[in-house]
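Naming: A, B, ... by sequence-line order, numbering from 1 per chain.
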Amino acid sequence: MTVPLLKVENLRIELATRDGVAPVIDDLSLELGVGETLSFVGESGCGKSMTALAIMGLLPEKVGRIASGHIWFNGEDLTKADDARLRQIRGNEISMIFQEPMTSLNPVYTIGEQISEVLRRHKGLSQRQAHAKAIELLDAVRIPNPQARVDDYPHQMSGGQRQRVMIAIALACEPKILIADEPTTALDVTVQAQIFDLLRDLGQQTGTATILITHDMGAVAEMAERMIVMYAGRKAEEGPVDQVIDSPRHPYTKGLISCVPHLLDTLTDERPELTEIGGIVPSLRDFGKNECLFASRCTIADEKCRANRPPEAEFDNQQRSACWHAGQV
Amino acid sequence: MMAEAETQKDDMLLEVKDLTVRFPVKRGGIFGGKSYLYAVDDISFEVKRGETLAIVGESGSGKTTAALAVARLVEAYSGTVRLGDEDFLALKDDDLRRARAKVQIIFQDPYASLNPRLRAEDIVSEPIESLNPLGKSERQTVIDGLFKDVGLRPEQQRLFPHQFSGGQRQRIGIARALATQPELIICDEPVSALDVAVQAQILNLLRKLQKERDLTFLFISHDLGVVQHMCDSIAVMYMGKIVEHADRKSLFNDPKHPYTQALLSAVPSVDAKRRRNTKRILIPGDPPDPINPPQGCRFANRCPIAEAKCNESQPPLREIKGGHKVACHLA
Ligand SMILES: Nc1ncnc2c1ncn2[C@@H]1O[C@H](COP(=O)(O)OP(=O)(O)O)[C@@H](O)[C@H]1O
Ligand SMILES: Nc1ncnc2c1ncn2[C@@H]1O[C@H](COP(=O)(O)OP(=O)(O)O)[C@@H](O)[C@H]1O
Ligand code: SF4
Ligand SMILES: [Mg+2]
Ligand SMILES: [Mg+2]
């Protein structure tokens, strides 16, 4: 295999909380290939956003720090990079879009000015060039009538249009990696379909690799090639999307899939009770414990699960599961 | 024949007819007179006792407003709401107070809808107390029963809302809704703020309670997977109008309105077969300005099959086969 575009190795991120220091990300390793789409799923509070922020070099100041591990991007260790270098990488090589585009857009500038600003700063384009390129980008993200809309302010656009503007800004510098953190959670499903369609097409055209963070298994199935299921700051399962969804190897993954009422190809009268995953995600202060953090919610947990953190079991089909009983799931 | 028609009528708990809700909006400019936003525009639907009608549609389509009007929490501009034998919107004073107890609402955000300064037990018992004050031991019996039914522990009665998780808070909201022994419960996005695992717990609980207590649900959600699981019939709203109304299987397996078809095709699915068989219908653009709706079909500007007549007149909601109603000139 060639060198991956991004390689995260045994990453540990610690947060300073009122109850002491907690490993919000605990020994996480992953790889992302050129042009690949990788998805992160898991309930809220499991560390998905924190992983993204760590890759971007945007951990909450004073509170969060990389305690150990490496983030290799194109052979460069980002955990060793200084702020100036990280700023250069952000926007240029790795960009991110968030759930709520309104909070990331500046209300007092037109969207044209905001896209141009990125192009001038990172690409050194002149004002005129940047403006022309901004219109091109709005067209690429399928904003109708871009020549006129380039002078709109964010509040003049719908939620879906604002998210497209964010995508335009994120893609302005043709990054190698686009991290999309719940980009459609606040949007209607018809708008989500347009955004997904757009992300897929742009990914194919530009060869940008995508990390899609979501809580929707359907979205994972639709968009990603590989997936990582996060639980309480740790990787519970990883593997090719179709295989993981078809035959999950971790009780948490299995629960996440079967607790949701899915739209199936043909609806019948049958409506079995939904499988429940009892309880909730443990609180941050319990994250570091040497045990399976899922044990309290797991239906097949035993003494071993409560006494030791499970290692990753690897299967022939590239599925990996951090469960003592992965073979029986 | 007669007899059958009559039993069917008796089975209906809720009948909404020609319901319209409008809000005054300010227009700018010197001629800025009063105009209105018709958030719910002449809609009709019915729900059988013990069943669930789901209302779906994109945000701003009027789902919440319709539900609030049914519960008399916003004023209807016109139309009628029949609840059992009563003309609910016409009731006054004591009759109204008594009837109000039969309709309860569960909201999306359990945190915002619970008074932070009250203990869980007081939140749950408040609706009964305001109806008719109970004696101390009677009150405790009622509270114990409600807590047990929604899966909360007795010692949690003394806690305040912030001491509960999101799912537990929604359980408190459900217990409060059950307190007056309602017949109709309006669930407005009851699980949208919850993680999927907790969502399953709440959905199972709602279905269990429905069976045990013969409850009727008006269930609002934008999540079509959830709706599919919960509903017996379904109404699809677009810009204040119901564009399609059918039973669960007809609507999901054989949607007739182009908007419904687009909506269903947009839902990402884990089912590989569904993904293979679903041709995604992308609807470009946005809905028109609700203050200034087009005179024809409101979906026409985004509809992939619209013809000239679609821009000319509004298609009425009409039955096209056994109870399946559609508002489209071309369906
Ligand atoms: N700025 C912050 N300060 C302190 N704790 C935080 C901060 N951001 C997130 N956390 C905590 O870190 C954990 C993981 O959060 P996050 O990565 O946002 O989860 P996810 O994106 O999977 O929902 C949560 O317990 C969250 O409360
Ligand atoms: N109190 C109000 N005053 C003015 N307009 C309102 C009010 N409540 C809702 N609306 C408008 O009515 C329409 C329908 O809103 P709503 O019923 O909340 O839709 P939904 O629940 O389907 O998202 C929207 O255009 C909304 O902006
Ligand atoms: S390690 Fe044990 S507790 Fe954890 S998921 Fe596997 S079986 Fe369940
Ligand atoms: Mg997050
Ligand atoms: Mg609403």
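- The contact between A:T275 and chain B is made entirely by backbone atoms, counting heavy-atom distances below 4.5 Å.
- A donor-acceptor pair shorter than 3.5 Å can be found between the side chains of B:S59 and A:D188.
- For the atom pair B:I55 CD1 and B:H222 NE2, the distance stands at 15.0 Å (nearest 0.5 Å).
- Each of A:T268, A:D265, A:L267 was evaluated against B:N253; a single residue qualifies, A:L267, per the side-chain contact (heavy atoms from CB on, under 4.5 Å) test.
- Figure legend: cation-pi geometry between A:R297 and A:Y252 absent, as NZ or CZ is not positioned both under 6.0 Å from the six-membered ring centre and within 45° of its axis.
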**Asked** Step by step, would you call B:R153 with B:E155 a salt bridge (charged side-chain N to carboxylate O under 4.0 Å, His left out)?
**Response** CA-CA 6 Å; B:R153 294 192 306 278; B:E155 66 269 22; 2.8 Å; yes

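- Among A:G279, A:S258, A:S44, the residue with the largest count of heavy-atom pairs under 4.5 Å with chain B is A:S44.
- Considering only heavy-atom pairs separated by less than 4.5 Å from chain A, the leading option among B:A197, B:A262, B:P284 is B:A197.
- Proximity to chain B is limited to the side chain of A:Q192, based on heavy atoms less than 4.5 angstrom apart.
- The parts of A:L264 that come within reach of chain B are both its backbone and its side chain, each placing non-hydrogen atoms under 4.5 angstrom from that chain.
- Side-chain contact check for A:E43 and A:H215: no donor-acceptor pair (N or O, by modelled atom type) lies under 3.5 Å.
- Of the candidates B:H324, B:Q261, B:K256, B:H257, B:H324 is the only one forming a side-chain hydrogen bond (donor to acceptor under 3.5 Å, both in side chains) with B:E244.
- Scanning residues 271-280 of chain B against chain A with a 4.5 Å non-hydrogen threshold yields B:D271, B:K273, B:R274, B:R275, B:N277, B:R280, sorted by number.
- Ranked by heavy-atom pairs under 4.5 Å with chain B, the list A:I277, A:I280, A:V281, A:I143 is led by A:I277.
- At a cut-off of 3.5 Å, with distance as the only test, no side-chain donor of A:Q243 or A:R249 sits close to an acceptor on the other residue.
- For A:D242, the part sitting under 4.5 Å from any heavy atom of chain B is the side chain, from C-beta outward, and nothing else.
- Taking B:L263, B:N204, B:L203 one by one and counting their heavy-atom pairs under 4.5 Å with chain A, the maximum is reached by B:N204.
- A donor-acceptor contact closer than 3.5 angstrom is absent between the side chains of B:Q108 and B:S192.
- Contact of the B:D149 side chain with the B:F147 side chain is not registered, since no non-hydrogen atoms from C-beta on lie closer than 4.5 Å.
- With a threshold of 4.5 angstrom between heavy atoms, A:I245 approaches chain B through side-chain atoms but not through N, CA, C or O.
- For residues 224-241 of chain B, heavy-atom neighbours of chain A at less than 4.5 Å comprise B:L224, B:G225, B:V226, B:Q228, B:H229, B:M230, B:C231, B:D232, sorted by residue number.
- Sparse packing is recorded around NZ of B:K148, with 12 or fewer heavy atoms of other residues, nucleotides or ligands lying under 6.0 Å away.
- Neither side chain, A:Q319 nor A:E238, offers a donor N or O lying under 3.5 Å from an acceptor on the other.
- Taken from NE2 in A:H325 to SG in A:C292, the straight-line distance is 9.0 Å, to the nearest 0.5 Å.
- Residue contact with chain B, scored on non-hydrogen atoms closer than 4.5 Å, involves the backbone and the side chain of A:V189 alike.
- No hydrogens or angles considered: a donor-acceptor pair under 3.5 Å links the side chains of B:Q210 and B:T52.
- Looking at B:I283, both its backbone and its side chain come within 4.5 Å of chain A, counting heavy atoms on both sides.
- The candidate from B:A200, B:S165, B:G285, B:S265 with the greatest count of non-hydrogen atom pairs under 4.5 Å with chain A is B:A200.
- Within 6.0 Å of atom CD in A:Q318, 12 or fewer heavy atoms from other residues, nucleotides or ligands are found, so the atom counts as exposed in its surroundings.
- Within the 4.5 angstrom heavy-atom criterion, only side-chain atoms of B:Q199, from C-beta onward, approach chain A.
- Rounding to the nearest 0.5 Å places CD1 of A:I228 at 11.5 Å from OG1 of A:T253.
- Of the two parts of A:S158, only the side chain, counted from C-beta on, holds a non-hydrogen atom closer than 4.5 Å to a non-hydrogen atom of chain B.
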